[in-house]
Amino acid sequence: MSPSVADAAVLTPDLTARKAPRGTGITIRLDDIAQRTKDNKEILIVFSNKVYDLTKWAKFHPGGDLAVLHMNGRDATDAIIAYHPEWVMDKKMPHFCIGELAPHERTSSRKVSVGYRQLDEKLRKLGFYNTNYSFFIRELIKFVVLLVSGVYLVLRYPNVYGVLASALCFATLWWQAAFYAHDGEFFELFPSFPSHRENSIGAFANERSAKTIRSDR
């Protein structure tokens with residue numbers, strides 16, 4: 001279960017060194033957050049004892065606004081660390097900071113949160129989050145082999161067996177290509193690709209999904 005606002009986070013060492021975001025010095029109490037987020041009138045989240053206003057931006061969230069609404073009025077520190085690259089916390093989030101929790105309302109993280117952040121820091125230092133480009137090159141070679149094999153089989157053996165074998169090659173190619181595209185985005189295979197385009201694509205897709213989910217309720 002995600003920690004509540006009262007379980008405000010103590011960040012790992014690499015995060016505490018971040019530049020203080022906009023809104024530093026403005027104190028916001030927990031009861032203020034509860035009142036402002038009642039019935040989702042505003043969308044406020046807490047990250048590292050700082051309060052962020054995502055009311056106007058939530059609909060543009062690449063992961064969909066439902067993910068943001070789920071954390072409304074709560075401490076989202078662990079979720080943000082787990083699902084977002086560092087550049088989001090460094091360059092994007094400071095623009096939405098409106099203040100910080102009152103000092104007497106800040107509490108230490110629960111043991112599970114501390115353990116998670118220590119593990120996350122260890123994995124980062126070991127390079128587990130770094131993109132393995134050789135893997136993607138090998139996958140591309142595999143795709144070429146499947147494509148050539150599919151064309152060869154259907155041309156060389158124009159019978160039911162050749163067609164079935166060719167169809168299997170193309171089906172495997174299509175299936176694996178979907179994972180390739182997903183992993184390429186997840187591991188930031190093209191980090192120089194304009195992020196606003198990715199965000200627009202993700203926001204559009206998730207907006208359609210969110211509307212479908214709401215209409216089914």
Side-chain angles (χ1 to χ4, degrees), residues 1-21 23 30 33 37 40 43-55 57-98 100-101 106-132 135-136 178-191 193 195-196 198-199 201-203 205-207 209-210 213:
M1 181 179 294
S2 301
S4 64
V5 172
D7 294 320
V10 174
L11 295 180
T12 47
D14 68 313
L15 294 176
T16 56
R18 299 183 189 282
K19 182 179 179 181
L30 293 177
I33 294 177
T37 57
N40 292 327
I43 301 177
L44 307 178
I45 65 168
V46 173
F47 174 72
S48 180
N49 292 320
K50 301 291 192 299
V51 182
Y52 296 81
D53 186 351
L54 305 181
T55 306
W57 181 83
K59 62 182 179 181
F60 299 108
H61 182 233
D65 62 343
L66 293 179
V68 180
L69 289 172
H70 175 68
M71 302 305 301
N72 192 18
R74 304 165 64 184
D75 182 0
T77 302
D78 287 338
I80 291 173
I81 294 175
Y83 294 109
H84 300 80
E86 289 194 16
W87 63 265
V88 170
M89 294 172 271
D90 286 332
K91 299 179 180 179
K92 298 295 184 180
M93 289 189 61
H95 297 293
F96 301 96
C97 184
I98 59 172
E100 49 193 346
L101 290 179
R106 303 174 190 177
T107 59
S108 299
S109 298
R110 295 179 302 177
K111 184 176 180 180
V112 65
S113 292
V114 174
Y116 161 72
R117 291 169 201 168
Q118 291 175 344
L119 176 61
D120 176 78
E121 176 65 13
K122 181 178 180 180
L123 293 177
R124 289 181 188 278
K125 290 181 178 179
L126 291 175
F128 277 80
Y129 295 155
N130 298 334
T131 302
N132 183 358
F135 165 78
F136 289 97
F179 287 113
Y180 186 92
H182 171 272
D183 293 346
E185 170 66 15
F186 185 80
F187 288 103
E188 296 185 297
L189 186 57
F190 304 107
F193 187 73
S195 60
H196 69 274
E198 297 174 357
N199 290 344
I201 295 172
N206 284 290
E207 177 66 17
S209 299
I213 294 173

Undergrad: Listed by chain and number, what are the side-chain contact (heavy atoms from CB on, under 4.5 Å) partners of L119, not counting sequence neighbours?
TA: L123
Undergrad: Using modelled atom types only, decide if a donor and an acceptor are shared between the side chain of D53 and the backbone of L44 within a distance under 3.5 Å.
TA: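 Pair absent, no side-chain N/O of D53 close to backbone of L44.
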Undergrad: Sequence neighbours excluded, which residues qualify as salt bridge (Lys or Arg N to Asp or Glu O under 4.0 Å) partners of K125?
TA: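 For K125, the residues satisfying salt bridge (Lys or Arg N to Asp or Glu O under 4.0 Å) (neighbours in sequence not counted) are E121.
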Undergrad: Apply side-chain contact (heavy atoms from CB on, under 4.5 Å) to residues R117 and T77 and explain how you reach the verdict.
TA: CA-CA 10 Å; R117 291 169 201 168; T77 302; 3.7 Å; yes
Undergrad: Start with the C-alpha gap between M93 and I80, add the side-chain angles, then the distance that decides, and say whether side-chain contact (heavy atoms from CB on, under 4.5 Å) holds.
TA: CA-CA 10 Å; M93 289 189 61; I80 291 173; 3.7 Å; yes
Undergrad: List the atom of H84, the atom of A79, and the distance in Å for their closest heavy-atom pair.
TA: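 H84 and A79 have their closest heavy atoms at ND1-O, 4.0 Å.
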Undergrad: Is there a side-chain contact between V46 and I33, using heavy atoms and a 4.5 Å cut-off?
TA: yes
Undergrad: In terms of relative ring orientation, are Y180 and F136 parallel, tilted or perpendicular, with 30° and 60° separating the classes?
TA: perpendicular
Undergrad: By side-chain hydrogen bond (donor to acceptor under 3.5 Å, both in side chains), which residues pair with T37, not counting sequence neighbours?
TA: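 None.
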Undergrad: Nearest 0.5 Å, please: how far is NZ in K50 from CG in L101?
TA: 9.0 Å
Undergrad: Distance check, rounded to the nearest 0.5 Å: F96 atom CZ versus T55 atom OG1?
TA: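 Output value for this atom pair is 10.5 Å.
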Undergrad: Testing the basics here: between M71 and A76, what is the closest heavy-atom pair and its distance to 0.1 Å?
TA: CE-CA, 3.6 Å
Undergrad: Can you list everything that forms a side-chain contact (heavy atoms from CB on, under 4.5 Å) with Y116? Sequence neighbours excluded, please.
TA: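 Counting only residues at least two positions away or on another chain, Y116 forms a side-chain contact (heavy atoms from CB on, under 4.5 Å) with D78, I81, A82, D120.
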Undergrad: What's the spacing between D65 CG and N40 CG if we round to 0.5 Å?
TA: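 Answer rounded to 0.5 Å: 9.5 Å.
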Undergrad: So which atom in I43 and which in A58 form the shortest heavy-atom distance, rounded to 0.1 Å?
TA: CD1-CB, 3.6 Å
Undergrad: Before you tell me yes or no, could you show the steps for W57 and H95 under side-chain contact (heavy atoms from CB on, under 4.5 Å), namely the whole-Å CA-CA distance, both residues' side-chain angles and the distance that decides it to 0.1 Å?
TA: CA-CA 11 Å; W57 181 83; H95 297 293; over 6 Å; no
